[in-house]
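What follows is a single structure, written as structure tokens, with notes after it.
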Amino acid sequence: MLETVNTFLAARGIYCLVFILFFLAVYGMITCKNYMKKMMCMNVMQVAVILFFLCFAQKRGGVIPILDGVTEAASGYLNPIPHALMLTAIVVSLGTTGVALALLMRMTEEYGSVEEDDLLSGKARKKKEESADEADEAEAEKEAEKEETADVTGKDPDET
Amino acid sequence: MRHDREVLLIMIMNHLPVLAVVVPLSAALLSLLLSRINKNLGKAVVILSLVFAFLDAVGLTAQVLQAEGHLIRYAMGNWDAPIGIEFYVDPINALLACFITFIAMCASIYSLSFLKDREWLQSGGYYTLIALLTVGLVGMTLTGDVFNLYVYLEISSLSCYGLIALGGKRSIPAAFRYLLIGTIGASFYLLGIGLMYAMTGSLNMADMGELLQSQMDNPLMYLVCASLIGAFGIKMAQFPFHAWQPDAYAYSHPGASPLISGAMSKVPALAMIRFFFFIFGVQNLVIVDATRLIGILGALGMIFGSVMALNQTDFRRMLAYSSVAQLGYIALGIGIGNLYGVTGSYLHILNHLFMKGGLFFAIGAIQYRFGIVNINQFGQLHKKMPFTCFTITMGALAMVGIPPTGGFFSKWYLMMGAMDKHLYIYMAVLVLSSLLNAIYFLRVLEKIFIAPEARLADRFDKEARRDGAAAKKHFLEVPAVMLVPIVVFGIGIVAMGIFNSQIVEFVAQTALKGVF
Amino acid sequence: MIVTDIRPLLAVAFPLVASLLILFSGKKPNIREAFSIIAAVGAAICALSMSSGVVAGNVYEFVLCPLTDTLSLTLRVDYAGELFACVSSFLYVVVAFYAIGYMRGHHEKDQTGFFAFFAICICSAIGIAYSANLLTFFVFFEMLTIATWPLVFHERNDEAKFSGRKYLIYTLIPGQLLLVGIVIVYAMSGTLDFVAGGFMNDSMGSKLMLSVVFFLLVGAGAVKAGMMPLHGWLPSAMVAPTPVSALLHAVAVVKAGAFGVIRIIGYVYGPEVLSGLKVTQILAVFACVTIIASSLIAFSQDNLKRRLAYSTIGQLSYVVLGACMLTSLGMRGAFFQIVAHAFMKITLFMVAGAIIVTAHKDNVSQMNGIGKAMPFTMIAFAIGSFGIIGVPFFNGFVSKWNLLRGAIQGGMPIYVVVLLISAMLGISYLVPVIFTAFFPKNKETEFKEFHEANPFMLVPIMITGVLSVVMGINPNFGPHLYDLATLAADAVMKGVVH
């Protein structure tokens, strides 16, 4: 029994850890009330995925894929593609984080807070005003529209 | 000189698949720069690039229909298939690329009036995002490489977050929530393709499909399918992954919302079809289970989305929930999983692009002129905006599935598919959902045509007051750049119904016959 | 002999194109009405010109475009289709003139929308008549459902809104069920083309399945035809302007429903399968109940239009009953009842409208002595009433006589009793109107001066009234409608031995 668990952990344990990390991050994204923390959890989740790729790219005795004159068979080398893919994924996650931070900044400007509770209660307050005067609401929305600014920061890093 | 032109033309013809992506991408990168020089230059370059992309996609469709085996495999940078990235163009994705670039082109023209008074940074940035979104969507549609698909997915998602955030104050939290959930979806996708890569050692879709066939009974395939359902489910806002979608669609920038709601959710749906039917193949047990799950979720989504749409008064939110229901139709077709079912799915992807696009164009115009989105204020709108109301009417009828609009025919194929597999419960769900759609869409028509006239602040009146005697008279209900897309989409909804058999015969079934 | 001919398409296209032109010419009423009349006349000429050819045995066909990958939008002019198309297109001409008089006389709002949707209704009715397969039929059927809705809510008040909702609920649900039925039929039989005598056979499915599908298919038609207990929408749709009621209740909508039922019985299932299934007996029971009950309700209605509406419900069930008899004479009666009832009921409704516009009276009790003021109108009303009752030499008699003979031919005397009772009840609710009009009990009435309806309304009333009598004496007058009915019934019932 212990033997099987041990062999399983030796062979697959790292994947279990990666998945635990992944779902821990998802759990964090769901439960955290602060948008900043949610974003950080998101980063952890992306890291978990990156780790997953790197783990399965690893093999015992493999060397980095540079011809060294000693190793002849391709099986002796590590597969470089997952690493290359993950470089792209890191760039993408950087871009995502950039957009997220930009959005958080805008949120702070507009609402003065990035706490979900504040935003929700603020929304509730706004809704009351809406029902009080709908014409006003329409005006307010137009105003809001005018105030909007193009959110161009951090949207370019995604060309990979 | 003449000779050069011919050479250029031949070169373009040979590189149509990649040009559909590269040209808007370059325009996106140039847009901000050129906007700094001249505000209109940035807009013009993006619009022209999208027009080019549309023509390119049309050419590509024509090419692929004539090509041998109805297939074009375009190797990027001449690196051949399993190693290099390739564009895998078959009739169904070429046609979808046509539709996407068409709606992007219309949306970019339509947005002109929203951005008339904006600074260079805003208009340039807006057009950059529109072009990038198109790049992402077209790339996702055409690509034949699973990781490349991820990259395009992220390009489209990131630009989409930006466009949603442009919609005003309330859109920022919506965009942020979409970003979080969208990233979960993308991570699921990465997990899924990671597993598949670990199993096959290939990233090329066709190659991977062949290699996977011997490993279909591997329990990891269940994990792969679950990841993909999660990933595409989130991206296409399929029930129960739809939570981000109503806010995001409702508050996104009115100029971009047709593109976002029309095209954004369809491409993952097509990707789902591509993965489950083209790569994995229906004959495998695990795929049968997975598609059955998708079908059940789709059926639940159809009911849930419609019920939620019933108690919305914001027209945009109603449309957003209706999208949840309509994507349920697409998922249902995937769940039925036979030739007719998937044909219906595919047809509904195209139809819904037109219906939802048209409806969002219409509500954008209403918002532009009167600043209203609440259906209770729509009374007698048809007198002020007849063409917009025509499109709303057509869209509503198509949503309900009244012939000869397009919506009816996708329902017909779905029903035929369900009947073939004796899935009577799905037929019942289709009927129920149509009736629920009828309740909330005909309610809108009722508000427009029957309800007493509402007192509205007319933008034209304001302009007339501001400009005094110099005010110009408005012959059209909204500026022509907005009216043209609205009318085109209104007619398109009916045209989709009339030409559905051509689409089905020459496009969907030529591509799908090999699968089933 | 099948002949490819563009006339069926033109008959459908005229009103459809006209509806668009009408929408765009809303600011110029005269041009708008001209479009409507041109369309009506064009459609009528196309439809009527084919009748002699159809009687001679030609089948005109036009394949417009593919609808789905396997089915196409095909228009085919067979006996039954030509019969219904002739009636609806001809009466469209009449109503088009009448509508001008009525709408202008009554100063209605939103006339543009009215005329446009009116045209679409006629287009769909003709389309339903000429449909060659069930899917084409369904397309036009749903178009009709939707196009009638704006006519029902025309008044745009709360009552009209609720009638509109009621109408939609009653018609959309069976419409969807019809679609399910069509899909199942297609899966079972592999074809949807109407064939006289039916294309289904017993081997295609279990008896239960065939019966369930039959009711799915017939449901939509039965609702449109106002069969009880699904008739609720019809009386409340009375809030619509009178030309609409005339059209709804005499020609397009309800007749399309009844015609649909005949198509399903005669051209999809066919008498042989149905006599094995026994489902028509169930339908016939509903029809009988409707015939009796609606007459009783009509008796208690004071509002003339409502009274006529209930009368319509009863009269349409004659069509269903005739078709359910599964005998050639019964079928002939059912077909001719479509013609006869259209002429009679449109006369009656147009009279009711003329009274509303000219004398501003809705209720029977207020019409004391109106016959003196509007003698021609009321004589037309009397003609229509006699037709409904089934007095010989009026066209209603021809169909009822055939129905009676059909009942006897099929050995079902109970139907004879029902038909006779219904005729008695018809006397009881229509003759009092004539009596009140011509022999006022109270001499102190306001209708002393001669005050006829304006000619736009009066002439159409006279035309349909006169035609009702002419067709009572010579049923074959004009486009050989009686021949068509006979040929259609014989084609459906061929091979059935009584």
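The structure displayed is predicted, hence computed values, not measured ones. Note on naming: letters A, B, ... go to the chains in the order of the sequence lines (proteins, then strands), and numbering restarts at 1 for each one.
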**Message:** For the backbone of C:Leu67 and the side chain of B:Asn500, can you confirm whether one donor and one acceptor N or O come within less than 3.5 Å of each other?
**Reply:**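 Answer holds: yes.
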
**Asked** Where the side chain of C:Arg156 meets the backbone of B:Phe449, is there a donor-acceptor pair that is under 3.5 Å apart?
**Response** yes

Which atoms of [X] are under 4.5 Å from chain B, going by heavy atoms: the side chain, the backbone, both sets, or neither?
X        : answer
C:Leu73  : neither
C:Phe140 : neither
C:Thr145 : neither
C:Ile169 : neither
C:Leu23  : neither

Positions in [range] that reach chain C, provided some heavy atom is under 4.5 Å away:
range                       : value
residues 503-512 of chain B : B:Val504, B:Glu505, B:Gln509
residues 381-390 of chain B : B:His382, B:Lys383, B:Phe387
residues 410-433 of chain B : B:Lys411, B:Trp412, B:Tyr413, B:Met415, B:Met416, B:Met419, B:Tyr424, B:Met427, B:Val431
residues 339-351 of chain B : B:Tyr340

**Message:** side-chain contact (heavy atoms from CB on, under 4.5 Å), that's the test. Do C:Leu172 and B:Leu442 meet it? Break it down for me.
**Reply:** CA-CA 11 Å; C:Leu172 277 179; B:Leu442 297 184; 3.6 Å; yes

Once you round to the nearest 0.5 Å, how far does [atom1] of [X] lie from [atom2] of [Y]?
X        : Y        : atom1 : atom2 : value
C:Gln176 : B:Leu435 : CD    : CG    : 5.5 Å
B:Ser501 : C:Leu71  : OG    : CG    : 10.5 Å
B:Ile450 : C:Arg165 : CD1   : CZ    : 8.0 Å

**Request:** Write down the atom of C:Val139, the atom of B:Pro403, and the distance for their closest heavy-atom approach.
**Result:**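 Nearest pair, atom of C:Val139 first, then B:Pro403: CA-CG, 3.6 Å.
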
**Message:** Less than 4.5 Å apart, side chain to side chain, heavy atoms only: is that true for B:Leu445 and C:Phe153?
**Reply:**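 They are not in contact (no side-chain heavy atoms under 4.5 Å apart), so the answer is no.
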
